[in-house]
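Proteins come first, then strands; the chains are lettered A, B, ... in the order of their sequence lines, and each starts at number 1. A quick note: this is a predicted structure, and the numbers were derived from the prediction, not measured.
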Amino acid sequence: MLIVKEALSNILYNALTEAKKKGELKIKDEPLIVLEIPKDETKGDVATTVAMALAASEKKKPRDIAEIIVKHIKDEAGIIDKIDIAGPGFINFLLKNEYYHQILKQIDKEGKDYGSVDIGKGEKVQVEFVSANPTGPLHVGHGRGAAVGDALSNLLAAAGYDVTREFYINDAGRQVRLLAESSYCSCMGKPIPADGYHGAYIDEIAASAKTVISDIKKRIYAGPIDDKGAAAASQAISLNFPNVSFEESEAFFAWHSKKCLLEEIRKDLEDFGVRFDNWFSEQSLLNDSSVKKSIEELKERGFAYEKDDALWLRSTAFGDDKDRVVIKKDGSYTYLATDIAYHRNKLSRGFKSLINIWGADHHGYIPRVQAVIQAFGHPKDTLHVLLVQLVAVLRQGKPVPMSKRAGDFVTLREVVQEVGSDAARFFFLMRRSDSHLDFDLELAKKQSSENPVYYVQYAHARLCSVERQAEERGIKIPDADSVDFGLLKLPEERNMMKQLALYPITIEGAARALEPHRITFYLQNLAGLLHNYYFHHRIIIDDKPLTDARLVLMKGVRQVIKNALGILGISAPEKM
RNA sequence: GCCCCCGUAGCUCAGUUGGAUAGAGCAGCAGUUUCCUAAACUGUUGGCCGCACGUUCAAAUCGUGUCGGGGGCACCA
């Protein structure tokens with residue numbers, strides 16, 4: 001279909017040029033040739049709106065212009081079956097069936113690569129997502145961010161970008177100190193401060209802290225020890241349980257708690273099928289003084305200044321409402337300071353495009369980070385921020401109460417355990433990321449057509465079953481080159497082929513718009529066509545040539561379902 | 001008070017970046033299997049696209065205003 005679009009716009013371009021030469025059309029500025037796929041199938045396969053677009057400048061009726069254009073169309077490639085003019089001035093093209101047969105051959109040849117396009121041209125893109133504080137387990141909201149970020153990364157990779165997935169670890173500052181203090185208190189049997197972290201996981205961390213200390217003392221500790229760990233471990237050796245103050249043991253508890261939670265986060269994500277290329281520590285930006293250097297650079301560039309004993313970023317120069325503090329009066333950094341260093345670091349790694357996936361509550365932060373990008377001399381649209389709205393978990397149609405403060409929220413782990421990773425992912429990707437999502441646990445578990453996950457997966461399983469049946473009857477699944485597709489005469493068959501041809505276009509559109517949810521809609525449509533066809537027609541019949549053609553068509557549908565599910569990070573089961 | 005997002009069928013949401021008669025799922029109602037998996041299929045009910053102006057050949061889509069819902073406006077992270 002991509003090729004067809006190109007071919008058609010050439011044909012139209014030539015027709016316009018010809019009409020101009022003959023003096024039938026003036027054509028002052030070259031019109032943009034817009035091609036679209038009509039939602040109403042009876043209108044044709046592809047339509048163009050050029051005639052209407054030209055109406056104003058030509059001072060002619062759109063339909064008359066369309067007549068002139070059509071008169072000059074020369075279909076040298078022989079892809080057009082029928083052309084007609086309809087409505088206010090649409091030119092509709094019906095493509096030859098051979099074109100769709102060609103698609104089936106292409107799918108057969110390309111297999112898992114069918115649908116890949118090259119709009120990215122190998123450009124380096126970074127997608128940063130989840131980036132949770134290592135101060136507690138991941139909750140459903142993080143799960144949605146993870147599903148969106150991962151699917152988007154897959155999508156961009158399929159669209160020809162060189163994608164790097166990164167998790168930014170917010171491991172600096174107050175919250176880590178609080179975490180350390182919370183686990184210290186739990187370990188010592190002291191009450192956890194009110195603004196600290198509560199919940200059972202803190203007690204687990206405290207319990208394991210005791211074991212680690214004793215293991216280190218006995219020199220039998222087997223866990224990993226990095227630079228920070230070594231310092232913490234040596235401190236642990238000197239700890240004198242239970243008579244030790246938080247000040248004396250903070251380094252140890254910070255290191256240990258952080259390590260435990262990061263491991264847990266990593267595991268939660270892995271079980272959810274999400275892996276990162278890079279885990280980037282916020283603290284490292286402070287340790288290697290890149291925060292300091294970044295701020296120096298901003299000063300040199302004239303976008304940072306001192307006022308009221310504080311250092312400010314001149315973000316208003318780039319459209320922010322007000323300038324923002326980077327170094328506070330007391331000399332400490334704000335969160336923005338490390339973000340400045342982090343984004344400078346990202347830019348220095350040569351990414352052409354940065355995509356940050358944030359919770360919607362951070363949207364007020366976008367202008368200042370975009371200001372940072374520009375202050376370093378990069379165009380504003382280098383950075384794309386995708387906002388992910390909150391998830392409301394429903395049980396029996398009623399929202400499950402969540403309060404972060406009380407440490408009482410539905411974790412990603414719980415949801416994945418209850419409904420499975422596939423269903424969870426599909427649900428997270430069913431809506432545009434910036435709209436609210438109701439996650440119905442009962443629905444996600446339901447094994448019926450009400451549940452879109454199973455509806456789509458079942459389509460794949462059904463087709464696998466057909467292939468198994470065919471093999472049992474001694475029918476080999478034929479090659480696309482060896483069958484007569486002309487036998488596929490049913491409108492349902494043509495519709496399916498058309499839908500398959502649409503897949504690369506869907507990928508391209510979704511990638512350009514950074515909207516992975518479009519793939520879930522595409523899949524539901526394709527699965528719908530398949531189930532309908534399957535119910536009404538038999539694939540394996542006495543007519544061998546027709547059976548062969550149908551088997552190749554089914555193979556194509558199965559392949560595309562599998563490819564699309566792959567982008568969403570959802571499995572394509574062979575049996576259900 | 002200022003800024004951002006949302007407002008489309010009873011419910012949950014799509015709507016190909018401005019196109020033709022606005023779609024799907026669920027719920028409701030009525031049906032379908034001697035046959036490759038019924039985790040499936042068919043039919044049917046349901047709409048001032050929040051409201052009002054404007055931009056143009058054409059607006060659910062763009063602009064202004066307005067109402068309703070959510071969120072953000074820290075020398076917090």
Side-chain angles (χ1 to χ4, degrees), chain A residues 34 36-40 43 47 49 51-56 61-63 86-90 92 133 135 170 172-176 178 282 308-312 320-322 324-336 338-339 359-367 387 389-390 394 397 430-432 434-438 440 443 446-455 457-459 461-470 472-473 502 505-506 508-510 512-513 517-518 520-522 524-525 527-528 530-541 547 551 554 575-576:
Chain A
V34 180
E36 56 185 36
I37 291 143
K39 14 187 180 192
D40 182 354
K43 300 285 198 309
T49 56
M52 290 180 282
L54 283 167
K61 283 186 205 156
R63 291 195 67 118
F90 287 94
N92 295 327
N133 297 339
T135 53
N170 293 116
R174 207 175 79 96
Q175 69 293 14
V176 172
L178 263 177
E282 177 185 8
D308 303 335
D309 298 325
L311 186 88
W312 298 70
D320 196 7
D321 297 340
K322 51 190 272 194
R324 309 290 172 171
V325 172
V326 180
I327 303 176
K328 296 183 246 178
K329 216 179 263 181
D330 65 5
S332 63
Y333 293 124
T334 62
Y335 189 74
L336 181 59
T338 44
D339 256 350
D361 53 339
H362 285 69
H363 77 78
Y365 211 77
I366 297 173
L387 296 177
Q389 273 289 0
L390 297 176
L394 306 181
M430 246 175 5
R431 306 266 172 265
R432 276 210 345 246
D434 60 358
S435 74
H436 288 269
L437 174 68
D438 286 332
D440 190 323
L443 178 59
K446 224 176 238 179
Q447 301 194 340
S448 76
S449 59
E450 288 165 55
N451 184 347
V453 192
Y454 288 103
Y455 186 77
Q457 287 186 319
Y458 182 51
R462 260 190 157 168
L463 292 176
C464 290
S465 167
V466 170
E467 292 187 4
R468 281 194 298 271
Q469 272 296 321
E472 268 176 40
R473 299 183 194 189
L502 230 50
I505 294 179
T506 307
E508 178 176 337
R512 281 193 202 282
H517 77 276
R518 293 190 190 187
T520 60
F521 284 90
Y522 173 84
Q524 292 182 78
N525 285 334
L530 184 272
H531 285 308
N532 174 297
Y533 177 73
Y534 182 91
F535 186 81
H536 293 284
H537 306 284
R538 292 190 59 80
I539 292 146
I540 304 167
I541 47 179
T547 301
L551 281 171
M554 292 301 105
K575 273 184 189 168
M576 285 174 76

Interatomic distance, [X] atom [atom1] to [Y] atom [atom2] [nearest 0.5 angstrom]:
X      : Y      : atom1 : atom2 : result
A:K446 : A:D440 : NZ    : CG    : 7.5 Å
A:I37  : A:T506 : CD1   : OG1   : 8.0 Å
A:L390 : A:H436 : CG    : NE2   : 6.5 Å
A:R174 : A:Y335 : CZ    : OH    : 14.0 Å
A:M576 : A:Q457 : CE    : CD    : 5.0 Å
A:D361 : A:L387 : CG    : CG    : 9.0 Å

Please tell me which of the listed nucleotides, [options], lies nearest to the side chain of [X]?
X      : options             : result
A:N133 : B:G15, B:A77, B:C36 : B:A77
A:Y455 : B:C36, B:A14, B:A40 : B:A40
A:A310 : B:C36, B:C75, B:U42 : B:C75
A:F535 : B:C36, B:C13, B:A40 : B:A40
A:Y534 : B:C75, B:U16, B:A38 : B:A38
A:V466 : B:C75, B:A40, B:C36 : B:C36

For [X] and [N], give me the distance from atom [atom1] to atom [atom2], rounded to whole Å.
X      : N     : atom1 : atom2 : answer
A:L443 : B:U12 : CG    : C1'   : 10 Å
A:D440 : B:C26 : CG    : C1'   : 10 Å
A:R63  : B:C57 : CZ    : P     : 18 Å
A:I327 : B:C76 : CD1   : P     : 14 Å
A:I540 : B:C36 : CD1   : P     : 10 Å
A:I539 : B:A40 : CD1   : P     : 17 Å
A:R431 : B:G15 : CZ    : C1'   : 14 Å
A:N451 : B:A38 : CG    : P     : 18 Å

Below 30° counts as parallel, above 60° as perpendicular, anything between as tilted: where do the rings of A:H537 and A:Y533 land?
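Tilted.
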
Nucleotides 70-72 of chain B: which of its N/O atoms have a protein N/O under 3.5 Å away?
unit_1	atom_1	unit_2	atom_2	d
B:G71	N2	A:H363	NE2	2.9
B:G71	N3	A:H363	NE2	3.2

Might you point out which heavy atoms bring [X] and [Y] nearest each other, and give the distance in Å?
X      : Y      : value
A:V325 : A:A310 : CG1-CB, 4.4 Å
A:G89  : A:P62  : CA-CB, 4.3 Å
A:L463 : A:M554 : CD2-SD, 3.4 Å
A:M430 : A:T520 : CA-OG1, 3.9 Å

Gap in Å between the two [atom1] atoms, one belonging to [N] and one to [M], rounded:
N     : M     : atom1 : value
B:U56 : B:G70 : C1'   : 34 Å
B:U16 : B:A59 : P     : 16 Å
B:U34 : B:G43 : C1'   : 24 Å
B:U12 : B:G46 : C1'   : 16 Å
B:G71 : B:G25 : P     : 33 Å
B:A74 : B:C3  : C1'   : 16 Å
B:G15 : B:A52 : C1'   : 24 Å
B:C13 : B:G19 : C1'   : 23 Å

Syn/anti state of B:U17 by chi, 90° boundary around 0:
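Syn for B:U17; the angle stays within 90° of 0.
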
Hey, which sits more toward the 5' end of RNA chain B by its nearest nucleotide, A:Y335 or A:D434?
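Between the two, 5'-proximity favours A:D434.
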
Considering heavy-atom distances to RNA chain B, does A:Y533 or A:R174 have its closest nucleotide positioned more toward the 5' end?
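Its nucleotide being nearer the 5' end, the pick is A:Y533.
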
Would you indicate what [X] reaches in the nucleic acid, counting non-hydrogen atoms under 4.0 angstrom: base, sugar-phosphate, or nothing?
X      : result
A:F521 : sugar-phosphate
A:A459 : nothing
A:K446 : nothing
A:D308 : base

What do the steps show when you test A:R432 against A:D434 for salt bridge (Lys or Arg N to Asp or Glu O under 4.0 Å), and what is the final call?
CA-CA 6 Å; A:R432 276 210 345 246; A:D434 60 358; 3.2 Å; yes

Non-hydrogen side-chain atoms of A:W312 and A:R324 separated by less than 4.5 Å
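No, too far: nothing below the 4.5 Å cut-off.
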
Short side-chain N/O contact from [X] to OP1 or OP2 of [N], under 4.0 Å:
X      : N     : result
A:R462 : B:A38 : yes
A:H517 : B:G15 : yes
A:S435 : B:A14 : yes
A:N532 : B:U42 : yes
A:K328 : B:A77 : yes

Where RNA chain B forms stems, i.e. three or more consecutive Watson-Crick or G-U pairs with both distances under 3.5 Å
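So the stems come out as B:1-7 with B:67-73, B:10-13 with B:23-26, B:28-32 with B:40-44, B:50-54 with B:62-66.
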
Are there any protein N/O atoms within less than 3.5 Å of an N/O atom in nucleotides 18-22 of chain B, and if so, which ones and at what distance?
unit_1	atom_1	unit_2	atom_2	d
B:A20	OP2	A:K39	NZ	3.4
B:A20	N6	A:N92	OD1	2.8
B:A20	N1	A:N92	OD1	3.1
B:A20	N1	A:N92	ND2	3.0

Quick one about A:Q175 and A:T135 (side-chain donor to acceptor, distance below 3.5 Å, no hydrogens or angles considered), yes or no?
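Side-chain D/A pair, A:T135 to A:Q175: absent.
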
Side chain to side chain donor-acceptor pair (under 3.5 Å) involving A:R468 - partner list, sequence neighbours excluded
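For A:R468, no residue satisfies side chain to side chain donor-acceptor pair (under 3.5 Å) once neighbours in sequence are set aside.
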
For A:H531, what residues pass the ring pair (Phe, Tyr, Trp, His ring centres under 6.0 Å) criterion, not counting sequence neighbours?
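For A:H531 the ring pair (Phe, Tyr, Trp, His ring centres under 6.0 Å) partners, ignoring immediate neighbours, are A:Y455, A:Y458.
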
Between the protein and nucleotides 7-11 of chain B, which nitrogen or oxygen pairs are less than 3.5 angstrom apart?
none

Side-chain donor/acceptor of A:T547 to backbone N/O of A:I541, under 3.5 Å:
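Answer holds: yes.
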
